[in-house]
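Quick notes on the structure that follows.
Sequence positions, counted from 1, serve as the residue numbers for this chain. Note: hydrogens, waters and symmetry copies are ignored here, and every other heavy atom, side chains too, is used.
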Amino acid sequence: MAARRLNLPDSASVARTGPDARLFAPSAARNRTAILDALARLVPPKGRALEIASGTGEHMVALARRFPDLSWQPTDIAPERRASISAWLKHEGLSQAVAPPLHLDATAPGWGRELAGQDVILLVNLLHLISDAETETLIAEAAQALAPGGVFVAYGPFLRGTSFASDGDREFHQSLRAQDAEIGYKSFEWVQSKQKAAGLVPAQPVDMPASNLMLVAQRPG
């Protein structure tokens with residue numbers, strides 16, 4: 001979930017309430033398999049793994065099952081989403097395998113030191129929902145939180161230079177800007193420049209379904 005409290009358009013990540021505290025996001029079901037398959041080629045077999053803005057918790061369940069030797073730490077800024085994460089973990093019998101969700105505003109400074117030593121940091125569908133300044137802070141803190149050799153993976157929609165990958169992306173970007181002029185799509189080149197400024201080494205972007213990209217950067221060492 002974005003740190004900003006927005007009334008997002010229908011094309012944003014929208015969750016519906018289930019019979020218990022679990023929330024269900026259609027986008028999680030759509031992109032889950034592709035994200036897991038891409039991560040299988042990128043993440044280490046074991047270590048500490050932090051998910052920023054874990055949302056409903058559906059991705060966390062899939063991550064814990066696909067990568068059981070990584071010690072996963074889910075986070076979110078919203079209490080109802082943290083409750084959903086806990087409910088999903090309990091429902092799937094993963095409460096002992098995954099740490100309880102933490103409150104984390106990843107756009108605020110300071111958390112990188114508190115959560116240092118991560119081998120993997122994963123961020124799904126957030127950068128287009130926060131401002132440039134907040135993105136810079138998030139990247140700088142993620143770089144500080146990574147252990148040497150750790151990888152920062154950011155998935156979502158990005159510009160290619162100044163171009164949109166589809167008309168749908170352009171329309172979504174415009175709808176976001178209409179609500180908040182500081183948010184919207186960022187170019188992957190700009191994001192990589194901020195990763196470099198934070199001391200990370202970006203890799204070639206990974207093409208994903210629906211014109212999305214997975215941006216991967218590693219901390220040297």
Side-chain angles (χ1 to χ4, degrees), residues 1-43 47-107 115 118-130 138 142 151-158 168 172 206 208-216:
M1 180 176 181
R4 294 163 175 266
R5 304 307 176 92
L6 300 172
N7 294 316
L8 295 174
D10 290 341
S11 51
S13 178
V14 176
R16 59 182 177 83
T17 305
D20 50 20
R22 287 178 296 154
L23 299 173
F24 298 79
S27 62
R30 287 195 301 268
N31 62 32
R32 178 171 52 218
T33 299
I35 290 173
L36 291 173
D37 289 346
L39 286 174
R41 300 187 293 270
L42 299 169
V43 301
R48 296 177 63 193
L50 173 74
E51 186 184 24
I52 297 173
S54 298
T56 63
E58 293 166 278
H59 276 165
M60 181 49 60
V61 167
L63 290 163
R65 294 205 182 282
R66 183 70 177 267
F67 308 105
D69 293 328
L70 285 171
S71 299
W72 287 98
Q73 174 63 71
T75 70
D76 206 275
I77 192 173
E80 67 273 15
R81 303 265 169 154
R82 296 197 300 276
S84 178
I85 296 165
S86 295
W88 269 108
L89 294 175
K90 180 179 179 181
H91 183 268
E92 297 296 322
L94 293 168
S95 296
Q96 301 302 314
V98 177
L102 290 178
H103 173 270
L104 177 64
D105 178 357
T107 68
L115 298 175
Q118 304 295 328
D119 298 291
V120 180
I121 297 178
L122 175 63
L123 174 67
V124 174
N125 283 334
L126 180 63
L127 295 186
H128 57 295
L129 303 179
I130 61 178
L138 187 154
V151 293
F152 174 37
V153 180
Y155 165 93
F158 296 93
F172 185 27
V206 179
M208 301 292 289
S211 303
N212 289 316
L213 293 175
M214 185 172 278
L215 303 187
V216 184

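Remark: the backbone N or O of E51 is paired with a side-chain donor or acceptor of T75 at under 3.5 angstrom. Between the Q73 side chain and the P100 main chain, a donor and an acceptor come within less than 3.5 Å of each other. Side-chain N or O atoms of S54 include none that pairs as donor or acceptor with a backbone N or O of P74 at under 3.5 Å. D119 contributes no side-chain N or O that, together with a main-chain N or O of A49, makes up a donor-acceptor pair within less than 3.5 Å.
Here the NE2-CZ distance, from H103 to R81, works out to 14.0 Å after rounding to the nearest 0.5 Å. Distance OG/S86 to NE2/H91: 14.5 Å, rounded to 0.5 Å. Atom CG of residue N125 and atom CG of residue N212 lie 6.5 Å apart, to the nearest 0.5 angstrom. Between the CZ atom of R48 and the CD1 atom of I121 there is a distance of 9.5 Å, given to the nearest 0.5 Å. In this structure, the separation between CG on D105 and CD1 on I52 is 10.5 Å, given to the nearest 0.5 Å.
Taking every heavy atom of both residues into account, E58 and L23 meet most closely at OE1-O, 3.6 Å. Across all non-hydrogen atoms, the minimal contact from G55 to I85 is O-CG1, 3.4 Å. When all heavy atoms are compared, the tightest approach of D76 to R82 is O-NH1, 3.1 Å. Taking all atoms of both residues into account, the shortest heavy-atom contact from R65 to E92 is NH2-O, 2.7 Å. Shown here for W88 and T56, the closest heavy-atom pair between the two residues is CD1-O, 3.1 Å. Taking every heavy atom of both residues into account, L127 and A154 meet most closely at CD1-CB, 4.2 Å.
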Exercise. For the pair Y155 and V206, evaluate side-chain contact (heavy atoms from CB on, under 4.5 Å) and give the outcome as yes or no after the intermediate values.
Key: CA-CA 9 Å; Y155 165 93; V206 179; over 6 Å; no
Quiz item: Can I77 and T107 be said to form a side-chain contact (heavy atoms from CB on, under 4.5 Å), step by step?
Solution: CA-CA 10 Å; I77 192 173; T107 68; over 6 Å; no
Quiz item: side-chain contact (heavy atoms from CB on, under 4.5 Å) between L122 and H59: does it pass, once the steps are laid out?
Solution: CA-CA 11 Å; L122 175 63; H59 276 165; over 6 Å; no
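Under the 30°/60° scheme for interplanar angles, the aromatic rings of F172 and H128 are found to stand perpendicular.
When each of L50, V151, L39 is tested with V120 by the rule side-chain contact (heavy atoms from CB on, under 4.5 Å), just one qualifies, namely V151.
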